[in-house]
Peer 1: 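For reference, the structure I am asking about is given below.
Values below: all heavy atoms of this structure, side chains included; hydrogens, waters and symmetry mates excluded. Residue numbers start from 1 in every chain, and the chains themselves are labelled A, B, ... in the order their sequence lines are given, proteins ahead of strands.
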Number of protein chains: 2
Amino acid sequence: MRLAVLKERRPAETRVAATPETVKKFIGLGCSVAVEAGAGLASGIPDADYAAAGAEVAADPAAALQGANIVLKIRAPLAAGEGEVDELALIPRGALLLGQLQADEKAAAAYAQAGIDAGAMELLPRITRAQSMDILSSQANLAGYRAVIEAAGAFDRGFPMLMTAAGTISAANVFVMGAGVAGLQAIATARRLGGRVSATDVRPAAKEEIKSLGATYVGYESEESKQAQTAGGYAKQLSAEFYAEQAKVVAAHIAKQDIVVTTALVQGRKAPQLVTEAMVQSMKPGSVIVDIAADAGGNVALTKPGEMVVTENGVKILGWHNWPGRISGASSSLFARNLLTLLTTFWDKEAKAPKLPAEDEIVRGVMLTRGGAVVHPSFQAAKAA
Amino acid sequence: MRLAVLKERRPAETRVAATPETVKKFIGLGCSVAVEAGAGLASGIPDADYAAAGAEVAADPAAALQGANIVLKIRAPLAAGEGEVDELALIPRGALLLGQLQADEKAAAAYAQAGIDAGAMELLPRITRAQSMDILSSQANLAGYRAVIEAAGAFDRGFPMLMTAAGTISAANVFVMGAGVAGLQAIATARRLGGRVSATDVRPAAKEEIKSLGATYVGYESEESKQAQTAGGYAKQLSAEFYAEQAKVVAAHIAKQDIVVTTALVQGRKAPQLVTEAMVQSMKPGSVIVDIAADAGGNVALTKPGEMVVTENGVKILGWHNWPGRISGASSSLFARNLLTLLTTFWDKEAKAPKLPAEDEIVRGVMLTRGGAVVHPSFQAAKAA
């Protein structure tokens with residue numbers, strides 16, 4: 001098995017889908033590994049470290065992909081017209097491609113057409129057995145940490161209560177909206193730093209999780225919100241009425257906050273707006289809002305994806321792209337391990353090759369295409385011709 | 001008493017010498033207060049907040065200083081040729097000026113000549129009674145906190161050990177050099193964030209303080225280092241031999257660090273070089289060095305004051321100017337309280353004016369000039385003509 005790792009070329013992408021640690025493991029499984037030169041640089045991994053782990057450092061994507069059986073990517077390969085290189089055309093027929101592909105029907109059809117067996121890691125079912133392969137969870141965790149670190153960096157005061165000879169500085173009020181994986185890590189990090197932390201989430205189960213991390217729960221509760229969790233554990237889209245009631249409770253709370261971290265993502269949809277312009281205006285000068293959902297449209301009315309907005313009343317809104325990519329060493333490390341775990345789980349030791357049983361729940365969840373056909377139920381309408 | 005607060009005009013200065021909190025207290029003492037428009041903006045304090053506290057918002061420095069009896073500054077007022085405004089010329093004869101004046105003999109002579117009673121807050125004696133007025137201490141504390149926050153921001157991984165489904169990410173190794181007020185706060189903050197923290201200091205007393213904060217002590221000890229503390233509690237300049245031995249111990253340790261925070265300042269001198277170019281080169285790509293002493297020449301061979309240097313081996317060296325100024329809301333708040341405390345300590349309630357007894361240890365330590373003469377022993381050579 002020849003395994004290829006490319007440099008990521010999409011904007012704001014700093015991660016890499018394999019690390020020297022996982023390269024060593026793949027070689028241990030009997031693979032040869034080609035890593036494109038410079039692939040790890042934005043994650044702090046020089047080519048020499050890949051070489052030391054046993055990888056061949058390939059000069060360009062064509063050389064890396066030559067004869068590849070498995071291709072590891074963070075984001076979908078560039079197709080014709082999407083950038084400097086048509087990566088898709090360079091992937092050999094029959095290769096297995098794994099990454100956060102964010103495919104639509106058209107892209108799925110293109111993978112089928114190209115004879116690429118494409119696995120979209122973000123579609124992994126949320127079952128216990130798959131947890132260690134879950135890129136959404138591993139990346140959200142780091143996004144939550146990073147959000148608080150950057151909030152602390154943008155804030156002109158401190159998080160902890162500081163008792164000094166000159167007097168006491170009070171702790172920062174930190175409000176985390178959405179207590180999924182990212183939100184819970186944001187709560188934990190803000191608590192570590194000494195903030196006075198509160199949080200909200202539409203899912204009733206989140207209330208206990210928030211409290212167990214030592215934060216205060218803030219929120220509106222209704223019959224509807226009691227059903228607000230999908231079987232997979234994600235937040236469900238709720239009615240406009242619910243969001244309006246929730247907004248009232250939040251509006252009163254938010255005016256007293258120094259830091260707000262919004263993390264509400266609804267799978268496959270535009271992120272819900274949780275913080276209105278009026279709420280932003282109610283905040284004190286110097287307050288900081290971090291919108292982890294910026295790339296999905298944002299949870300804050302004034303978020304500009306990829307930018308830091310400073311409002312007229314002196315509130316900073318950080319809407320950076322790709323939050324996990326802003327802590328690329330750690331996020332690459334976990335993403336790479338997620339891919340390694342999926343492959344080792346389905347590794348045929350004798351054949352020294354992955355063996356992906358079509359009936360397996362994980363395989364069914366992830367694989368978009370196999371043997372030139374679209375096989376994923378959600379993309380069936382786009383079956384290859 | 002009319003009290004004037006100016007906007008700071010020196011480069012990289014974001015702080016302000018009074019806050020709405022201290023303005024209110026001064027008014028309570030019977031003062032009137034004029035604050036130059038925009039003085040608090042860089043610290044997140046709009047003019048309206050000063051007005052609400054009872055201050056008059058003055059359009060420019062001339063208007064603010066008109067008839068002022070007390071002038072509060074962070075840094076020394078601009079003299080002729082130092083900037084857009086000759087602030088010094090606008091300060092009325094007989095006024096009391098307080099700030100971190102960093103005066104030399106020439107500047108002291110100029111204050112005397114101008115008939116300004118100038119108090120240099122950085123010369124405050126380090127005695128128990130003066131602790132609550134100590135700007136060096138209050139600002140160093142925040143610099144130490146800020147150094148770690150910015151290190152975490154520049155670092156491409158996390159500080160805490162993260163145990164995730166995808167595997168464990170180990171904690172960052174953080175090494176704090178110099179365990180004065182800034183260093184101790186850096187240790188505490190890095191520990192809060194979950195780092196694996198070690199520290200060093202030439203003063204033997206620091207060893208116990210380092211350990212009491214849960215960090216590991218690293219260092220070379222000798223007869224000389226056992227005497228390495230001045231009576232005032234500052235670090236003393238030691239011999240070249242001592243620094244060489246210390247450097248050997250540090251060199252071995254530093255190669256294993258992810259984060260290094262250097263805080264070694266020797267009062268009135270260029271900062272000692274603690275981290276050589278070879279030490280920087282021994283560090284892993286992605287490591288971060290924060291040099292709090294950048295403005296005093298730096299503790300790190302490659303520091304460029306005011307810049308972030310990225311070395312060829314991928315180490316980031318943050319040598320920003322004015323570390324406390326990078327957390328301006330908090331640092332202004334404490335600086336302003338330090339000034340307030342000094343004035344209230346020497347306040348004559350009946351006269352509603354400060355009364356600074358020449359024989360008082362604090363007054364003797366701080367006052368450079370009085371009644372047109374240089375009175376401070378360290379600046380006697382520069383007596384006004």
Peer 1: Over all heavy atoms of both residues, which pair between B:Arg192 and A:Met161 is shortest? Give the atoms and the distance, please.
Peer 2: NH2-O, 4.4 Å
Peer 1: Less than 4.5 Å to any heavy atom of chain A: does that hold for the side chain of B:Ser328, its backbone, both, or neither?
Peer 2: both
Peer 1: Highest number of heavy-atom pairs under 4.5 Å with chain B: which of A:Phe159, A:Phe155, A:Tyr145?
Peer 2: A:Tyr145
Peer 1: Between A:Ser333, A:Pro285, A:Gly286, which has the largest tally of heavy atom pairs under 4.5 Å with chain B?
Peer 2: A:Pro285
Peer 1: How many angstroms lie between atom OG1 of B:Thr164 and atom CD of A:Gln185, to the nearest 0.5 angstrom?
Peer 2: 10.0 Å
Peer 1: Is a side-chain N or O of B:Arg146 found less than 3.5 angstrom from the main chain of A:Asp156, in a donor-acceptor match?
Peer 2: no
Peer 1: Indicate yes or no for a side-chain donor-acceptor contact from B:Arg337 to the backbone of A:Thr168 under 3.5 Å, with no hydrogens or angles considered.
Peer 2: yes
Peer 1: Could you look at B:Leu162 and say if it's the side chain, the backbone, both or neither that has a heavy atom under 4.5 Å from chain A?
Peer 2: side chain
Peer 1: Quick check on B:Phe335 against chain A: is it the side chain, the backbone, both or neither that has a heavy atom closer than 4.5 Å?
Peer 2: neither
Peer 1: Taking C-beta and beyond as the side chain, do A:Leu334 and B:Ile169 meet within less than 4.5 Å on heavy atoms?
Peer 2: yes
Peer 1: Between B:Ile327 and A:Gly158, what is the shortest heavy-atom contact and its length?
Peer 2: CD1-N, 3.7 Å
Peer 1: At a heavy-atom separation under 4.5 Å, does B:Ser287 approach chain A through its side chain, its backbone, both, or neither?
Peer 2: neither
Peer 1: So which heavy atom on B:Asn338 is nearest to which on A:Ala166, and how close?
Peer 2: ND2-CB, 3.3 Å
Peer 1: Counting only heavy atoms from other residues, nucleotides and ligands, does the tally under 6.0 Å from NZ of B:Lys284 exceed 12?
Peer 2: yes
Peer 1: For A:Ile135, is it the side chain, the backbone, both or neither that has a heavy atom under 4.5 Å from a heavy atom of chain B?
Peer 2: neither
Peer 1: Give, as side chain, backbone, both or neither, the part of B:Gln131 having an atom under 4.5 angstrom from any heavy atom of chain A.
Peer 2: both
Peer 1: Is B:Leu41 close to chain A through its backbone or its side chain, or both, or neither, when contacts mean heavy atoms under 4.5 Å?
Peer 2: neither
Peer 1: If we define contacts as heavy-atom pairs under 4.5 Å, which of B:Gly314, B:Gly194, B:Pro160 has the most with chain A?
Peer 2: B:Pro160
